[in-house]
Number of protein chains: 2
Amino acid sequence: MSSAGERWTAVNSAGYPAPVALAVDVVVLSVRRSELQVLLVDRPDATKALPGGLVGSEESPGGTAARKLAEKTGLDDLYLEQLATFAEPDRDPRGWIPSIAHLALVPAGTEPRDPAATWAPLSGLPPLGFDHATIVRTALERVRGKLWWSNIAVGILPGGFTMSEARVVYEAIAGTAYDPSTFARDLRATGLIEPEPAEPRLTRGRPARLYRFAEREPAWGHGRRKRLHG
Amino acid sequence: MSSAGERWTAVNSAGYPAPVALAVDVVVLSVRRSELQVLLVDRPDATKALPGGLVGSEESPGGTAARKLAEKTGLDDLYLEQLATFAEPDRDPRGWIPSIAHLALVPAGTEPRDPAATWAPLSGLPPLGFDHATIVRTALERVRGKLWWSNIAVGILPGGFTMSEARVVYEAIAGTAYDPSTFARDLRATGLIEPEPAEPRLTRGRPARLYRFAEREPAWGHGRRKRLHG
DNA sequence: AGAATAGTGTCTGTAAGACAATATGAA
DNA sequence: TTCATATTGTCTTACAGACACTATTCT
């Protein structure tokens, strides 16, 4: 790496300026303590930023994102989709570096493997470097927009969940409260989940039935028009 | 430009391989003869491709897309949004060139200014170069998905349209037929359009009232869950 | 008058919020 | 038994498809 303050450059074989590198940034979301949280990493200047890295010249950007996530969390099976590309020429002080932002959802109990990575609640984020606050906002819009139309929550609820657990996740993402019975009816009506034969959990009251998403890959359901935000 | 068959390369000032260039490709859609059509340009090898170009080192990708569209169509006020980025290392035989695909909607009567550009119906596209068939498919999904939830059709219906004209456009995008009265009721219910004080058109039967979208910039409406495809 | 297009009103099945009532297991 | 949680059922409003009916203008 070059020293701080130095701006990198690149030229192609035709003699024109080229992007210095291609980056990916990943908005990793999960639900912890009934709250939507995002994974942040410490930067040298003590601010926080999204996890990310540079795409190799023989690598697909999605592959880079998955590789970086495996380094930070130890997970190699997760919900990952491309979000949007941020490529304003001055977005990175190191030079012309377009970044392909990705969105990843990981199971509720995931702990960072990298000690520089920590979870932060989406409400009350610290100041973020680069244009990362914009990227996080875009990610929140995306996950809310798809919540009731796709199996996007399968990243947080990999399988064997109860309706109550699913409801906590959906409420944290949507930022609202759902009636338990109506929630169960409407989640079943999406056609995305199926009962799991496993034995029930050992909890306080009546044991709940377990469900899982039928598909682990991104898929669309029948679509419910459910209330979002308060 | 280099001669065909030669693969470009680039290195950055740290000595690592860099992307050769950053491209934009634009899926320009309109409704012509009650059909959804896309703007294609001829390539040197006689195949067709999406209009596009290289992003300058001091340029935003959206700016590049708008500039290219102005060259092809003479339009400078249109609905333009980012679609997705295609950056597989081998997607372009000229070298490592990520492409930020955009989606643009232009008014029904728009004729290409560039003689190499022609309209082609989405049903029955010719073979396209690169990964452009995938990009077009992604664009169709996007515009269908947003049709009844946003003012995305404002690009095709800039103002002073009748309900019948709007219905033709919505039907062409959705790929289905709507009942005229139900269509009008539900389009009004989106909250996105408003009556226009202009005088009615000179047509055969009873003259229709005119409407326009209240917002020309991308905006979300109340959302209707309407039938799509057959 | 008759044709053509625009717009209104009504009926019906489904979707979704609210909430009461019941079921099941642990303390 | 009492408490806590899960699940079922019902009521009500809004949404959206279908379609009959009325309105306005031109030929």
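Every heavy atom of this structure was used, including side-chain atoms; hydrogens, water molecules and symmetry mates were not. In what follows, every chain begins at residue 1, and chains take the letters A, B, ... in the order their sequences are listed.
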Exercise. Do the ring planes of A:Y170 and A:F183 sit parallel (below 30°), tilted (30 to 60°) or perpendicular (above 60°)?
Worked result: perpendicular
Exercise. Tell me, what's DNA chain D's dot-bracket, Watson-Crick or G-U with both distances under 3.5 Å, | for other-strand, [ ] crossing?
Worked result: |||||||||||||||||||||||||||
For this session: May I ask you to say whether A:R113 pairs ionically with A:D76, meaning some side-chain N is under 4.0 Å from a carboxylate O?
Result: no
For this session: Tell me what A:R185 touches on the nucleic acid: a base, only sugar-phosphate, or nothing, going by heavy atoms under 4.0 Å.
Result: base
Problem set entry | 5' priority, DNA chain C, between B:R225 and B:S164 [closest heavy atom] | B:S164
Exercise. Is there a residue in residues 172-183 of chain A whose heavy atoms reach under 4.0 Å of DNA chain D, and which residues are they?
Worked result: A:S181
Exercise. What nucleic acid atoms does A:R167 come within less than 4.0 Å of, heavy atoms only: base, sugar-phosphate, or nothing?
Worked result: nothing
Problem set entry | Contacts of A:T47 that satisfy side chain to side chain contact (heavy atoms under 4.5 Å, CB included) - sequence neighbours left out | A:R43, A:D45
Problem set entry | Results of salt bridge (charged side-chain N to carboxylate O under 4.0 Å, His left out) for B:D114 - residues two or more places apart only | B:K72
For this session: Could you check whether A:T162 gets within reach of a base, just the sugar-phosphate, or nothing at all, counting any heavy atom under 4.0 Å?
Result: nothing
Seminar exercise, completed: Note: chain B reaches DNA chain C at heavy-atom distances under 4.0 Å over the stretch, first to last nt, 5' to 3', of C:dA4 to C:dA16
Problem set entry | Where at least one partner belongs to residues 218-227 of chain B, residue pairs that pass salt bridge (charged side-chain N to carboxylate O under 4.0 Å, His left out), sequence neighbours excluded | B:D186-B:K226
Exercise. Could you give all pairs that pass the side chain to side chain donor-acceptor pair (under 3.5 Å) test and reach residues 148-161 of chain B, with sequence neighbours left out?
Worked result: B:W148-B:Y178
Exercise. When you match A:G205 and B:R204 each to their closest nucleotide on DNA chain D, which lands nearer the 5' end?
Worked result: A:G205
For this session: Can you check whether any acceptor in the base of D:dA23 is under 3.5 Å from a donor in the side chain of B:R206, or vice versa?
Result: yes
Exercise. For B:R224 and D:dA14, what is the distance between atoms CZ and P respectively, to the nearest whole Å?
Worked result: 12 Å
For this session: Could you pull out all residues at least two apart from A:T134 that satisfy side chain to side chain contact (heavy atoms under 4.5 Å, CB included)?
Result: A:F86, A:R137, A:T138
Problem set entry | Any pair counted as side chain to side chain donor-acceptor pair (under 3.5 Å), so long as it reaches residues 153-165 of chain B, sequence neighbours left out | B:E165-B:R201
Exercise. Does A:E111 have any salt bridge (charged side-chain N to carboxylate O under 4.0 Å, His left out) partners at least two apart in sequence or in another chain, and if so, which?
Worked result: A:R32
Exercise. With sequence neighbours left out, what residues match A:V168 under side chain to side chain contact (heavy atoms under 4.5 Å, CB included)?
Worked result: A:V31, A:S34
Exercise. Residues in salt bridge (charged side-chain N to carboxylate O under 4.0 Å, His left out) with A:E81, at least two apart?
Worked result: A:R142, A:K146
